[in-house]
Amino acid sequence: MSSGLVRRGGGGGGNNSCSSIVWFRRDLRIEDNPALAAGVRAGAVVAVFIWAPEEEGYYYPGRVSRWWLKQSLAHLDTSLKSFGTYLVTKRSSDSVSSLIDVVKSTGATHLFFNHLYGHYVYFHFVDPLSLVRDQRAKELLTDQGIVVQSFNADLLYEPWDVNDDQERPFTTFADFWNKCLNMPYDPAAPTLPPKRITSGDVSRCSSDILMFENETETGSNALLARAWSPGWSNADKALSAFINGPLIEYSVNRRKADSATTSFLSPHLHFGEVSVRKVFHLLRIKQVLWANEGNIAGEESVNLFLKSIGLREYSRYISFNHPYSHERPLLGHLKFFPWVVDESYFKAWRQGRTGYPLVDAGMRELWATGWLHDRIRVVVSSFFVKVLQLPWRWGMKYFWDTLLDADLESDALGWQYISGTLPDGRAFDRIDNPQFEGYKFDPYGEYVRRWLPELARLPTEWIHHPWNAPEPVLQAAGVELGMNYPSPIVEIDAAKDRLQESLTEMWQLEAASRAAIENGTEEGLGDSSESAPFAFPQDIMEVDHEPARNHTTNLPRRHQDQMVPSMTSSFLRVEESSSSEHRNSAGDSRQEVPMNTNNVSQVHHIETVNQGGPPIIVNNNPQWFNNNLGPRNMDDTAESSSISRRDRDGGLVPVWSPSSSSSSEHFVGEENDLESTPSYLRRHQQSNQLLDWRRLSQAR
DNA sequence: TGCAGGTTACG
DNA sequence: GTAACCTGC
């Protein structure tokens, strides 16, 4: 494996300069990579990637996402070789112990890595937030005598640096983004790649071969390489191509479902192949240029594209401030929404057999390519939540499993926005009509015809509502509704009525639970303890199933936001714990941050039958995250925060603690939430506590 | 210029 | 559905 061409300093050569481990994660790039730059500055570098999908718990990456990762790592390795070293790869179920192994076998004295801000669902450590895990990694390695330093490479501004006038986190996107654009200091300017990288001593550090796909998957992935070129230098080319090409027309074209006028940067950004700060930087240059030229449309385009960058930032911001946002609605009342638990609906949606052409075209494109235009993501997810009224987390999980740019933070934000569970999200009771949206995003029906060949001969007049087409028209087009293309599985009008009823029920339950709390009737209408576990059959991906129709009565409904059926292979069962256990596990012991605690008792994963995939951790009670979160090593908030502004890299990271956003009226509904006894909102009174990581690492 | 009425966008 | 925005009198 060590075919390193130019292994300068290899084989014990790093005699007087120290050797650093650079831990690559979702920052698979050479350019503008602060951790790598720090390693190069310090001396010799051992570049490491650790594949530990078990640490993603429930969110094992989907097939196409793994394909991308594989290509991206190969690309990175090739680059590193040309710079003078190569990528050490490790297969692990525990990143931190693998890091320690690498430290021992290379004699490294430093570890550098870049922050992740996302959700993190690791069974052993039980943390909702990557930063918390990273802090723990830092402490363990510091105890081993390693100097550890971490950096921001993924965001324009660290989440804890963007606050309102009262130093509280924002709860709406527009305010957040406005603040970002008007910060007193610019985002750090992107840096150039190092000139060369001196390799650390990797002679005694073996690499593992990483398996990212099985044989079937290799076949399914064969076509991806035609459309996509993963890897950081390709990402850079894609960025230039977009900025010098389609960007100027972005404001005009961005709504077309079918167009190639979006940036296609999202998978590159997800894996950190391109630095968002570089994107921002180049956009600003164009913005200034076009503003000077009086090019209004160009300026507008930059602003709009910047906004989508801003949404990505905001998704990390939300994850940081609300570590459960991938699991549960940010507005508590949605917990009482009676979701329709109907797998045949779910299946029809996945297979693109809902009877609504725009939705179906989107779902088939997603399945076939792993890609979906942003507008169509909104259409299919909105249909999922509002028309089918399926639990939003199912849809989110399906996106996670199928999207090439699957990104838990962005997708959680998107689904919550669609579900109306953000203060600035869409209204609950708004149903978008796929027929009208069809003519908006795909006015000539070209997109539908591409993905639904059975409708290809239908005239544009009827393409988005074939159920209204006269029989002779259908016949001429070879369309037999209910036979080769389904009739709508749910009528929009019926969905509207049903949605109204559900919302009424939701508000009633919410009021009742509020009343129960005020009366001290503790559990009130608590739903968690009585929601039955939800098992899923294995046939989910079959293609030839005729979706069930006309479920107008007796729809199975649940009030809890169910755990997601696994799309890949698993048959899952969740064992409930008693609600008193919930309270206990959640309510106490937050001062201590036990290290290396195996909280099996809190984790209700009982049965996972799972073919070759990673162990899947199942839990439908998000509280289990809570019990070992907590501040330690706190600094004075104000002081630390001012330091962090001056010295952005490698220094300050706050210990996660719930944000103060619940004091905003927006989240007030959650405040009295009985099921979420230890609700992150309940603990909002605390502000983010800052921890000086550098202090830890300087204890050398 | 000011207002009514229509249109668009909405993270 | 609402609020900002545009248009025509």
Side-chain angles (χ1 to χ4, degrees), chain A residues 117 155-157 159 162 164 169-181 250-257 262-263 265-266 269 276 280 296-297 299-322 325-326 329-331 334 372-387 392 395-396 399 403 405 407-434 436-443 492-493 495-497 499-500 503-504 507 661 664-667:
Chain A
Y117 306 87
L155 293 177
L156 300 176
Y157 298 102
V162 184
D164 66 14
F170 291 99
T171 56
T172 54
F173 170 71
D175 294 336
F176 164 80
W177 188 230
N178 191 39
K179 175 72 184 227
C180 287
L181 293 173
Y250 185 76
S251 64
V252 192
N253 288 331
R254 81 205 148 95
R255 302 169 89 239
K256 293 181 190 161
T262 55
S263 72
L265 286 175
S266 52
L269 279 166
V276 76
F280 184 79
I296 307 289
E299 239 190 307
E300 172 73 359
S301 290
V302 173
N303 288 332
L304 281 167
F305 187 71
L306 272 174
K307 195 175 97 171
S308 67
I309 296 293
L311 286 164
R312 180 185 172 281
E313 297 272 311
Y314 191 55
S315 71
R316 271 75 179 150
Y317 188 79
I318 291 278
S319 299
F320 174 75
N321 287 304
H322 306 280
S325 55
H326 64 302
L330 286 180
L331 296 181
L334 209 79
L372 215 44
H373 188 288
D374 175 61
R375 292 293 90 196
I376 306 301
R377 295 182 196 206
V378 173
V379 168
V380 300
S381 54
S382 162
F383 183 86
F384 185 94
V385 173
K386 300 295 178 62
V387 179
W392 63 277
M396 194 183 86
F399 270 25
L403 278 169
D405 60 3
D407 182 287
L408 208 45
E409 292 73 53
S410 292
D411 292 340
L413 179 68
W415 281 88
Q416 294 239 19
Y417 159 65
I418 293 302
S419 309
T421 67
L422 295 168
D424 48 356
R426 301 200 152 187
F428 282 126
D429 51 1
R430 171 178 153 183
I431 286 192
D432 292 306
N433 190 324
F436 303 138
E437 305 213 294
Y439 288 106
K440 210 155 67 184
F441 301 130
D442 180 31
I492 295 294
D493 284 343
K496 277 183 184 156
D497 294 344
L499 186 60
Q500 284 307 329
L503 290 171
T504 307
W507 290 119
S661 50
S664 132
E665 72 272 33
H666 293 306
F667 290 116

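Per chain, numbering begins at 1; letters A, B, ... match sequence-line order.
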Q.
Expressed as a whole number of angstroms, how long is the span from A:D432:CG to C:dG1:C1'?
A.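 Answer to the nearest Å: 12 Å.
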
Q) Can you tell me how far C1' of B:dT8 sits from CZ of A:F436, to the nearest Å? A)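 Taking CZ of A:F436 and C1' of B:dT8, I get 16 Å after rounding.
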
Q | All salt bridge (charged side-chain N to carboxylate O under 4.0 Å, His left out) counterparts of A:D442, not counting sequence neighbours | A |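 Listed in chain order: nothing, the list is empty.
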
Q | Counterpart residues, salt bridge (charged side-chain N to carboxylate O under 4.0 Å, His left out), relative to A:D405 (two or more places apart) | A |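 Applying salt bridge (charged side-chain N to carboxylate O under 4.0 Å, His left out) to A:D405 gives A:R377.
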
Q | Residues in ring pair (Phe, Tyr, Trp, His ring centres under 6.0 Å) contact with A:F305, at least two apart in sequence or another chain | A |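 For A:F305, the residues satisfying ring pair (Phe, Tyr, Trp, His ring centres under 6.0 Å) (neighbours in sequence not counted) are A:F242, A:Y250.
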
Show each protein N/O and nucleotides 9-11 of chain B N/O combination with a separation under 3.5 Å, one pair to a line.
from	atom 1	to	atom 2	distance (Å)
B:dG11	OP2	A:K307	NZ	3.3
B:dG11	O3'	A:D424	OD2	2.8
B:dG11	O6	A:D374	OD2	2.9
B:dG11	O6	A:R375	NH2	2.9

Q: Applying side chain to side chain donor-acceptor pair (under 3.5 Å), name anything that partners A:S419, two or more places apart in sequence or on another chain.
A: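 For A:S419 there are no side chain to side chain donor-acceptor pair (under 3.5 Å) partners, ignoring immediate neighbours.
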
**Q.** Any residue meeting side chain to side chain donor-acceptor pair (under 3.5 Å) with A:D429, in chain and number order, not counting sequence neighbours
**A.**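 In terms of side chain to side chain donor-acceptor pair (under 3.5 Å), with neighbours along the sequence ignored, A:D429 is linked to no residue.
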
